[in-house]
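Predicted model, so just to flag it, every value in this text is computed and none were measured.
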Amino acid sequence: MRLFKTFKRDETDEQLMERFATRRNEKAFEELYGRYAPRLKGFFMRMFSGNAALADDFLQELFLRIYEARDSYQQGKCFSTWVFSMAYNLCKNEYRHREIVEEYMSQQSYMEEKDYCVSPEFETVYDRQVFNEQLKKVLTSLTDEQRAAYTLRYEEELSVQEIAQVLHCPEGTVKSRLFYALKILQHSLSNYNPQTSDYEK
């Protein structure tokens, strides 16, 4: 049950997490769940090729871990970075379990570590639903690292610095993964974006 009325709108995620961690305030935890569950489910959906059932399972597992790891939360630490880092680690563990990492290693040629600083803005497409379905298919062809970087940047709107903290890698590596992910996406989705849009740094 979401208890949005229990807290002021301007109360930060960090304040709620600190209240939960230090005072065992269950309502603060429920509020955090209400704020983040939709975003995190969307993240898991992207990471697991649109598998809603698997996304739900991982969402529940993640919040169970947040609940159990409340004492390890450092006061003042950005909550979104902390929670998405945990979410990504769950994904990596699942990939290892399925031996998907080995399958994806064949695509590592796309991941040369160069410091590119580009990001895309796709123009409005004529049929958004068709475009989104095609986008979902193309995302499955990316490596898990590329897909994570893309999802965190363009779905969750995290900064490059925040993504680097979540993925535990240098900012240059994040930019490189974004560059190659976008290069693949633009090539595969060129029919939906006939006019090449400008990149924004």
Classify the angle between the aromatic ring planes of Phe48 and Phe58 as parallel (below 30°), tilted (30 to 60°) or perpendicular (above 60°). tilted

d(Thr173 OG1, Ile163 CD1) to nearest 0.5 Å is 12.5 Å

| Judged by atom type as modelled, is there a donor-acceptor pair below 3.5 Å linking the side chain of Gln161 to the main-chain atoms of Glu171? | no

Salt bridge Arg35-Glu31, side-chain N to carboxylate O under 4.0 Å:
yes

Hey, does Leu59 have a side-chain heavy atom less than 4.5 Å from the side chain of Tyr33? yes

Here the gap from Leu158 atom CG to Thr151 atom OG1, rounded to the nearest 0.5 Å, amounts to 11.0 Å

Do the side chain of Arg147 and the main chain of Arg46 share a donor and acceptor less than 3.5 angstrom apart?
yes

- Query: Does any non-hydrogen side-chain atom of Tyr88 lie less than 4.5 Å from one of Met47?
  - Reply: yes

Taken to the nearest 0.5 Å, the spacing of Lys41 NZ from Asp57 CG works out to 10.0 Å

Q.
Using side chain to side chain contact (heavy atoms under 4.5 Å, CB included), reason through Ser85 and His168 one step at a time and then give a plain yes or no.
A. CA-CA 8 Å; Ser85 180; His168 304 291; 3.2 Å; yes

Scanning both residues in full, the closest heavy-atom pair of Ala149 with Leu178 reads O-CD2, 3.4 Å

Applying side-chain hydrogen bond (donor to acceptor under 3.5 Å, both in side chains) to Arg23 and not counting sequence neighbours gives none

Query raised in the report: Is Phe20 close to Glu30 at the side-chain level, that is, under 4.5 Å between some pair of heavy atoms?
Result: no

Rounded to the nearest 0.5 angstrom, the CD-CG distance for Gln146 and Leu185 is 9.0 Å

With sequence neighbours left out, the residues meeting salt bridge (charged side-chain N to carboxylate O under 4.0 Å, His left out) with Arg70 are none

Applying side-chain hydrogen bond (donor to acceptor under 3.5 Å, both in side chains) to Glu26 and not counting sequence neighbours gives Tyr67

Go through Glu11 and Leu16 one step at a time and tell me if the side chain to side chain contact (heavy atoms under 4.5 Å, CB included) criterion holds. CA-CA 7 Å; Glu11 188 150 23; Leu16 290 172; 4.0 Å; yes

So CG of Leu152 and CZ of Arg39: to nearest 0.5 Å the spacing works out to 9.5 Å

For Tyr154 and Leu182, the nearest pair of non-hydrogen atoms, with its separation, is OH-CD1, 3.5 Å

Neighbour count above 12 (heavy atom, 6.0 Å) for Glu155 CD: yes

- Query: Under a 4.0 Å N-O cut-off, is there an ion pair linking Lys77 with Asp13?
  - Reply: no

* Asked: Taking the inter-plane angle between the rings of Phe79 and Trp82 on a 0 to 90° scale, is it parallel (under 30°), tilted (30 to 60°) or perpendicular (over 60°)?
  -> tilted

For Glu162 and Cys78 the tightest heavy-atom approach is OE2-SG, 4.3 Å

Heavy-atom side-chain contact between Met17 and Leu32 under 4.5 Å: yes

In terms of heavy-atom contacts, Thr81 and Val166 come closest through O-CG2, 3.5 Å

Worksheet item: Heavy-atom distance under 4.5 Å between the side chains of Arg177 and Leu142, does that happen here?
Response: no

Taken to the nearest 0.5 Å, the spacing of Asp56 CG from Phe44 CZ works out to 10.5 Å

With a 4.5 Å limit on heavy-atom distance, are the side chains of Ile184 and Ser141 in contact?
yes

Between Val174 and Cys169 the two heavy atoms that sit nearest each other are CG2-SG, 3.6 Å

